Trainee: 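One structure, as structure tokens, below. Some questions next.
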Amino acid sequence: ALVRSGRVAARAADEQIIDRGSTVRPATVLDFPDRSGKPLGQLPPNAPLDVYERQRLWLRVKPPVGMTGPAGWIPLTDMRMGFGGAPAVT
């Protein structure tokens, strides 16, 4: 079972994009990397996203600068990775 941490949703301004991609289907953005997370919004298919973190099969994403949409966690299976983005961190 996952235990929610007391981390604040706001992130440091210096966080790094680890990859970029787009949604392959309508995707529900959650506040926690688990199906029990609270829904924060919906993304349409082909929505471009910046990826900031990965936990197991979950990605913490935000829309690129200048675009609107919810930021939070989506399943890896809802993303097509790696179009014109930053190289993945190894």
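Note that the structure is predicted; figures quoted are calculated from it, not measured. Index from 1, following the sequence.
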Trainee: At their closest point, which heavy atom of Pro63 faces which heavy atom of Gly69, and how far apart are they?
Mentor: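 Looking at all heavy atoms of both residues, the closest pair is CG-O, 3.5 Å.
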Trainee: So which atom in Ile74 and which in Ala27 form the shortest heavy-atom distance, rounded to 0.1 Å?
Mentor: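 Shortest heavy-atom contact: CG2-CB, 4.4 Å.
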Trainee: Within this structure, what is the NZ-CD distance for the pair Lys62 and Glu15, rounded to the nearest 0.5 Å?
Mentor: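 Lys62 atom NZ to Glu15 atom CD measures 4.0 Å (nearest 0.5 Å).
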Trainee: How long is the gap from CZ on Arg25 to CZ on Arg80, to the nearest 0.5 Å?
Mentor: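 Separation between the atoms: 9.5 Å.
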Trainee: Would you sort out whether Arg35 and Trp58 count as a side chain to side chain contact (heavy atoms under 4.5 Å, CB included), showing the intermediate values?
Mentor: CA-CA 10 Å; Arg35 292 276 177 211; Trp58 290 86; 4.3 Å; yes
Trainee: If only atom types and distance count, is the side chain of Arg56 paired as donor or acceptor with the main-chain N or O of Pro33 below 3.5 Å?
Mentor: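 Yes, because the side chain of Arg56 sits within donor-acceptor range (under 3.5 Å) of the backbone of Pro33.
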Trainee: Check Val51, Asp78, Thr23 against Val61 for a side chain to side chain contact (heavy atoms under 4.5 Å, CB included) and give me the one that passes.
Mentor: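 Answer after filtering Val51, Asp78, Thr23: Val51.
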Trainee: So if you build clusters from Ile, Leu, Val, Met, Phe, Trp, Tyr with side-chain heavy-atom gaps below 4.5 Å, do Val24 and Leu57 land together?
Mentor: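 Different hydrophobic clusters.
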Trainee: Are Leu43 and Leu76 linked, directly or through other ILVMFWY residues, by side chains that come within less than 4.5 angstrom of each other?
Mentor: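 Same hydrophobic cluster.
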Trainee: State the CD-CG distance between Glu53 and Leu59, to the nearest 0.5 angstrom.
Mentor: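 Nearest 0.5 Å value for the CD-CG distance: 10.0 Å.
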Trainee: Distance from Met81 atom CE to Ile18 atom CD1, nearest 0.5 Å?
Mentor: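 Output value for this atom pair is 7.0 Å.
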Trainee: Roughly how far, to the nearest 0.5 Å, is the CG atom of Asp19 from the CE atom of Met79?
Mentor: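 So the CE of Met79 and the CG of Asp19 are separated by 7.5 Å.
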Trainee: Testing Pro39, Pro75, Pro70 one by one against Leu30 for a side chain to side chain contact (heavy atoms under 4.5 Å, CB included), which residue passes?
Mentor: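 Among Pro39, Pro75, Pro70, the one that satisfies the side chain to side chain contact (heavy atoms under 4.5 Å, CB included) with Leu30 is Pro39.
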Trainee: If we ignore hydrogens and angles and just use 3.5 Å, is the side chain of Asp31 paired with the main-chain N or O of Lys38 as donor and acceptor?
Mentor: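 Yes.
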